[in-house]
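For reference, the structure is listed below as structure tokens.
So you know, we letter chains A, B, ... as the sequences are listed, proteins then strands, and number each from 1.
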Number of protein chains: 2
Amino acid sequence: MIHYTHPSRILVALDCIIFGFDGEELKLLLIKRNFDPESGKWSLMGGFLNEYEDLEAAAQRILYDLTGLRNNYLEQLQTFGAVKRDPVERTISVVYYALVNIQQQDINAIKAHNAYWINLSEKPDLIFDHNAMVDQALRQLRYKAALHAIGFELMPDKFTIPQLQKVYEAIYNTQLDRRNFSRKIISTELLIDTGDKDTNSVTKKGKLYRLNTEKYQQYLTDYVSFFPELTLS
Amino acid sequence: MIHYTHPSRILVALDCIIFGFDGEELKLLLIKRNFDPESGKWSLMGGFLNEYEDLEAAAQRILYDLTGLRNNYLEQLQTFGAVKRDPVERTISVVYYALVNIQQQDINAIKAHNAYWINLSEKPDLIFDHNAMVDQALRQLRYKAALHAIGFELMPDKFTIPQLQKVYEAIYNTQLDRRNFSRKIISTELLIDTGDKDTNSVTKKGKLYRLNTEKYQQYLTDYVSFFPELTLS
DNA sequence: TCAAAAGTGTTGATATTACACCCATGC
DNA sequence: GCATGGGTGTAATATCAACACTTTTGA
């Protein structure tokens, strides 16, 4: 096999920011490291890219190993490549972020990795440049959620509109008007009334909806524009 | 020095999509390759990451080598990492895209690299996965330009509002209403009237503006939201 | 004086906001 | 009955889109 003459072959890692939502707060799945380097400290879930493995497949593998989940929302965020970002050896890290339905996870897999769901507001200091990765992932999540309806990715299969509202309030760390939010969501026609009611609620039981997945596919590719008079193809 | 035991060190390349605007059409700076592999075909400008070089610095180096430009708008797009994307050897490519003021370029540097400005609408077929890279860069440009005022990055130092409008029409491949566009841009207070007039115009000479760079910095970090009632920090 | 491009003004339609009011549930 | 949270309605306001009209310039 022919090779390039360029000498610098570099270790390629992947790191994964995993967002979840427990009904109240936005959460991160973090690892309390019991292995070197930086054993005892907190970090993101990561791994190395194998020689005969597509980059995207490696990200899916890492997410699957930790959570037992496939077919989640998984998007490449950015590649971090400062020379000294990893003190052990020059390593660039391709960072992905995932949105998971926290109720579908494999609890044993998570325990086996010594991983814990931590409220974003209580995030501990992380190793290397993992803090910057989380910062950027949150920024990207806010971006995406402003243009696409990806809040649903964090919801269970059936959910009420007030529950969905809490996701958005958590993402943007703000308060929304219940009545306006409800009307806006219903007008998207992304929700299908299941006919069931939320039995967990203490007071009035809200309607349980599920996502209209076909309509949702459109919302993932379409987007809202800064120039509303534009019609984008 | 300690090393990781993981065996797979991989060649890391960078590729750069360079957008420019000539007053009428959105253009790409492409290379007619006179070197292997794929000599004779068209490609993006690229290079390899060196062992003691930050990723971001490598992207800037590659852009500088080709255009003589520094301090341009340069943003990491995504990393492409399919196993077979480069037939010579397993190589992942970190892709950046740049917006340049076409009048500030170093023509000799461009000639030396056998590079040409090609209208986006006349883009030839490119090697490897470079077509997909361009597609995604255009998508990202449309995204960014919808939320931030980066259209200015493609303009000369002094420009008229109708010229700026042509940039946006080129990015979104659409027509905009002159009067509404003008009012919207002026309301941002991003423009400073230079007092000069556009001497190139054949008919009525338009006002030449320059960018209010302080205000522009805000527009780069702020963004417009899908939920207008949100006040984002 | 006419065509072409630039600049300014107005208005109806639409979307957004900030409310008020009613309903269901458990104590 | 009453506190709590869910569901629906409406009116004032802000924004957007689609226009008409005026100004400047060169031929």
Side-chain angles (χ1 to χ4, degrees), chain A residues 23-24 146-147 149 155-156 158-170 172 174-210 219 222-232, chain B residues 23-24 146-147 149 155-156 158-170 172 174-210 219 222-232:
Chain A
E24 289 299 326
L147 293 176
M155 303 303 294
K158 292 179 175 186
F159 54 89
T160 67
I161 291 181
Q163 282 167 7
L164 182 66
Q165 182 176 338
K166 284 198 172 159
V167 169
Y168 280 96
E169 290 180 337
Y172 293 104
T174 189
Q175 298 283 105
L176 295 170
D177 184 282
R178 179 171 48 88
R179 299 153 285 196
N180 294 335
F181 182 85
S182 174
R183 233 172 313 103
K184 179 167 285 185
I185 295 298
I186 287 170
S187 74
T188 63
E189 299 184 1
L190 280 166
L191 298 187
I192 297 168
D193 192 339
T194 63
D196 299 342
K197 300 268 176 156
D198 177 22
T199 53
N200 295 321
S201 175
V202 187
T203 64
K204 177 169 182 176
K205 281 99 169 74
K207 286 184 187 176
L208 282 169
Y209 293 89
R210 62 185 173 80
Y219 270 80
D222 296 357
Y223 64 96
V224 183
S225 171
F226 187 58
F227 292 90
E229 60 184 308
L230 286 178
T231 316
L232 300 166
Chain B
E24 290 298 326
L147 293 175
M155 304 303 292
K158 293 180 174 183
F159 54 88
T160 67
I161 292 181
Q163 282 165 6
L164 182 66
Q165 181 176 339
K166 284 198 171 161
V167 169
Y168 280 95
E169 291 180 337
Y172 293 103
T174 188
Q175 298 284 105
L176 296 170
D177 185 281
R178 180 171 47 89
R179 299 152 285 194
N180 294 334
F181 182 85
S182 173
R183 231 175 312 104
K184 178 166 283 183
I185 295 296
I186 287 171
S187 73
T188 63
E189 299 185 2
L190 280 166
L191 300 188
I192 297 170
D193 191 339
T194 62
D196 298 342
K197 300 272 177 148
D198 176 22
T199 53
N200 295 322
S201 175
V202 188
T203 62
K204 179 169 181 175
K205 279 100 170 73
K207 286 185 185 178
L208 283 167
Y209 293 89
R210 62 186 173 80
Y219 271 81
D222 296 356
Y223 64 95
V224 182
S225 170
F226 187 58
F227 291 92
E229 61 184 310
L230 286 177
T231 317
L232 298 166

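- Remark: P of D/dT23 and NZ of B/K197 are 13 Å apart, rounded to the nearest angstrom.
- In this structure, the side chain to side chain donor-acceptor pair (under 3.5 Å) partners of A/D196, at least two apart in sequence or on a different chain, are A/K158.
- With sequence neighbours excluded, the residues satisfying salt bridge (charged side-chain N to carboxylate O under 4.0 Å, His left out) with B/K166 are B/E24.
- By the side-chain contact (heavy atoms from CB on, under 4.5 Å) test, B/N200 is found to be paired with B/D198, residues two or more places apart in sequence or in another chain being considered.
- Partners of A/R178 by side-chain contact (heavy atoms from CB on, under 4.5 Å), not counting sequence neighbours, listed by chain and number: A/Q165.
- Remark: P of C/dA18 and CG of A/L176 are 11 Å apart, rounded to the nearest angstrom.
- For the side-chain contact (heavy atoms from CB on, under 4.5 Å) test with A/I185, the passing option among A/L190, A/N180, A/L191 is A/L191; the others fail.
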Task: Nucleic acid footprint by protein, nucleotides 6-14 of chain C - heavy-atom cut-off 4.0 Å, B for base, S for sugar-phosphate alone - done: BBBBB----

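- Evaluation of the side chain to side chain donor-acceptor pair (under 3.5 Å) rule for B/R179 yields B/D177 as partners, not counting sequence neighbours.
- Atom-to-atom, CD1 of A/I185 to P of D/dG7 comes out at 13 Å; the value is rounded to the nearest Å.
- Following rounding to the nearest Å, A/F181 (CZ) and D/dG6 (C1') show an atom-to-atom distance of 14 Å.
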